[in-house]
Number of protein chains: 2
Amino acid sequence: MANHVKLAKGNADRPARKRATSYDVAELAGVSQSAVSRVFQAGASASKDMRDRVLSAANKLGYRPNAIARGLITQRSNMVAVVISRQTNLYYPEVLVQLTQRFSEHGIRVLLFTLEHERDIDGVIEQVLQYQVDGVITAAILNDAQLDTVENAGIPVIFYNRTLPERLVNSVRCDQEEGERWLVSQLAAAGHKRFAIVSGPDDSSVSMERTQGALQKLRELSIADVLIVSGDYGYASGRAAFSEIMQRMGGVPDAVIAANDVMAIGCVDEARETNYLRVPEDVSIVGFDGVGPARYAAYDLSTVRQPVGRMSEAAVSMLIERIESPGLSPEKRVFSGDRIIGGSALLADSNS
Amino acid sequence: MANHVKLAKGNADRPARKRATSYDVAELAGVSQSAVSRVFQAGASASKDMRDRVLSAANKLGYRPNAIARGLITQRSNMVAVVISRQTNLYYPEVLVQLTQRFSEHGIRVLLFTLEHERDIDGVIEQVLQYQVDGVITAAILNDAQLDTVENAGIPVIFYNRTLPERLVNSVRCDQEEGERWLVSQLAAAGHKRFAIVSGPDDSSVSMERTQGALQKLRELSIADVLIVSGDYGYASGRAAFSEIMQRMGGVPDAVIAANDVMAIGCVDEARETNYLRVPEDVSIVGFDGVGPARYAAYDLSTVRQPVGRMSEAAVSMLIERIESPGLSPEKRVFSGDRIIGGSALLADSNS
DNA sequence: CTCCGGTTTGCATGCGAATGCAATACTGCC
DNA sequence: GGCAGTATTGCATTCGCATGCAAACCGGAG
């Protein structure tokens with residue numbers, strides 16, 4: 001009871017008590033400010049005696065080094081910016097978690113910037129630069145001018161699942177094209193002839209790569225007549241896309257290649273619920289990503305899974321290397337996706 | 001071609017060219033440093049002439065105010081910490097996106113901290129304090145000492161979907177209990193008698209509240225004999241849980257109440273695939289959250305959706321208010337979930 | 001032409017910590 | 001005990017920007 005009253009008062013009239021600084025600690029411990037600073041650094045020289053006195057004083061005052069002030073003098077904020085679109089985080093929440101955790105193991109914090117759409121980057125660049133981050137990981141494309149701006153500020157950039165083919169940049173990505181080519185070849189080898197593709201949003205370079213990869217392989221196999229309808233990566237758009245396919249093809253396609261798993265799931269549902277089709281007997285459907293729901297028994301998608309763990313690890317280590325050695329030459333790392341054979345499509349290897 | 005060579009050289013031997021400061025701009029523009037500072041502030045006084053000269057000089061040098069230095073002098077970093085567990089982000093990626101976007105509209109950046117498990121908070125608190133954030137939103141529980149530490153530093157804290165009943169804290173949450181009580185009453189009114197509950201991980205307070213809410217209502221309805229099995233919020237654990245229920249009950253339950261949608265989906269799949277049961281004719285299954293997959297046609301869960309949009313908006317505005325008026329008294333905001341009647345369960349209102 | 005009120009501008013200082021340099025303390029060795 | 005050599009410590013300065021204060025400036029009224 002007494003305790004409760006105390007808390008109430010404490011909260012009400014304690015107006016953000018001033019935080020202790022290294023000078024306060026120095027004074028209480030009877031040493032200089034530099035001494036305090038040294039105690040809170042890794043390889044600094046300090047006698048056992050001083051260390052003890054300083055730490056005890058710091059403890060008494062609740063002192064913590066001010067990372068902002070430290071960043072100002074050392075020219076290292078120990079923060080990196082992660083730029084990600086809402087889309088990307090919705091479909092791969094894992095990416096953000098992994099990046100943050102891995103950076104945190106290296107004493108680096110993540111300043112997060114989310115974009116409603118990938119093209120909303122403009123203002124974000126300014127923000128990123130103002131905050132003096134040590135590096136940037138972006139899952140959104142920058143144009144030449146934007147990239148110049150960041151590079152001129154001496155900040156290393158890693159592109160995540162994006163790349164600028166015309167330019168020397170660092171990037172980590174999953175080989176979308178290779179994955180699609182595999183899916184197509186498997187579908188074709190299983191005897192499918194009439195194909196439809198459900199693409200993603202126009203401003204998604206990932207969707208472009210996937211669609212192009214699939215189309216190209218289809219062309220190589222002399223399957224020219226392919227219907228492409230577009231979606232927005234969402235479930236509803238997958239259902240709408242399948243329905244549009246049925247209508248525009250005037251019948252059931254042999255195989256539908258969706259630009260991501262969620263739309264593939266939408267296609268499966270629309271095929272079954274609205275059109276009373278069996279999957280995969282009447283129509284084969286494949287996706288991309290290997291997200292959680294792709295493995296749900298009701299769908300069991302054939303898909304290609306992005307190796308998110310290895311990709312995020314690569315991105316983090318590449319960025320840290322470049323923060324520590326600014327001169328390092330650019331590198332592009334491309335990971336193959338994991339090929340997943342599920343029950344949503346008849347593939348050549350289905351019985352293997 | 002020439003362009004390409006230029007870029008290559010530029011990248012290789014330009015070692016993080018020193019960033020322009022307000023002094024550099026001042027010199028080039030022939031004004032004082034304070035003048036530059038004022039031009040880059042909102043309500044500062046500066047003549048049109050000076051403003052033009054400064055901006056043009058700044059532009060020429062690629063100058064941007066250093067947010068770190070600014071934070072040091074103004075005692076406001078314009079950064080807030082968001083602390084979230086991997087679990088939470090996996091199941092509600094939307095939360096993080098919404099928080100970040102809303103803060104960004106107010107000129108506030110998000111410093112992200114992710115926890116592998118909710119209990120890993122300890123070290124994170126230190127980090128948060130070192131970075132001089134202006135406020136904290138946490139989707140992980142703090143104990144008394146940890147909360148004291150943060151509050152003593154004068155940093156306002158908002159709990160997201162967590163709360164400390166014994167203490168005056170700010171919180172925003174969804175009424176888990178109310179939601180569960182509704183689900184239970186609906187299930188009971190539909191005539192279900194044999195209930196099983198699939199709980200979430202032990203360290204999830206949200207799961208606790210949901211389980212307790214359901215149990216309590218069941219008890220009120222004099223349904224005492226309820227089997228509780230535990231899961232980890234994941235799909236596989238939902239399947240395992242259903243299988244365990246079948247075994248331990250020695251038959252089919254009338255209704256299964258899962259602590260979240262993903263486990264509910266796991267239960268549905270296990271019921272259908274392994275036990276050849278019909279949902280909802282043979283067994284009713286309900287979840288909680290209202291995540292995307294809950295609406296997939298194959299599942300069509302009856303569930304309670306968290307109003308993430310309103311919750312995150314509330315959290316952001318509460319935090320900003322408290323940053324700007326440190327004395328404000330604590331507030332707890334509780335939102336009711338949206339009741340979703342799907343086809344995964346026979347509910348009293350199913351035909352309404 | 002002078003004086004007054006208001007606006008612009010510059011000067012000087014401070015935010016909190018890191019660090020080169022010099023001063024001091026300590027160590028082992030002869 | 002004295003000395004070279006090393007480990008500690010303090011002093012003073014610096015990072016980049018914001019801001020109180022006073023000086024300079026502007027325009028209009030008298």
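For clarity, every value in this text was computed on a predicted model and none was experimentally measured.
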Item to check | Sugar-phosphate, base or nothing in reach of B/F40, heavy atoms under 4.0 Å | outcome: nothing

Next on the checklist: Under 4.0 Å, heavy atoms only, any strand: does B/R76 hit a base, just the sugar-phosphate, or nothing?
Outcome noted: nothing

Next on the checklist: Using a 4.0 Å heavy-atom cut-off, does B/S47 contact any base of the nucleic acid, only the sugar-phosphate backbone, or nothing at all?
Outcome noted: sugar-phosphate

Checklist entry - With sugar-phosphate meaning primed atoms plus P, OP1 and OP2, does A/Q75 contact a base, only sugar-phosphate, or nothing at under 4.0 Å between heavy atoms? => result sugar-phosphate

Item to check | Phosphate-side-chain proximity, A/S22 and C/dA17, N/O vs OP1/OP2 below 4.0 Å | outcome: yes

Checklist outcome for this item: Taken to the nearest whole Å, CD1/B/I73 to C1'/D/dA18 is 5 Å

Next on the checklist: Please classify the nucleic acid contact of B/T21 as base, sugar-phosphate, or nothing, using heavy-atom distances under 4.0 Å.
Outcome noted: sugar-phosphate

Item to check | Length of the CE-P vector between B/M50 and C/dT7, whole Å | outcome: 15 Å

Next on the checklist: Using a heavy-atom cut-off of 4.0 Å across all strands, would you classify B/V36 as base, sugar-phosphate, or nothing?
Outcome noted: nothing

Checklist entry - Between C/dG16 atom P and A/Y63 atom OH, what is the distance in whole Å? => result 10 Å

Checklist outcome for this item: Applying side chain to side chain donor-acceptor pair (under 3.5 Å) to B/S204 and not counting sequence neighbours gives B/Y233

Item to check | Spacing between A/K48 atom NZ and D/dT9 atom C1', to the nearest angstrom | outcome: 18 Å

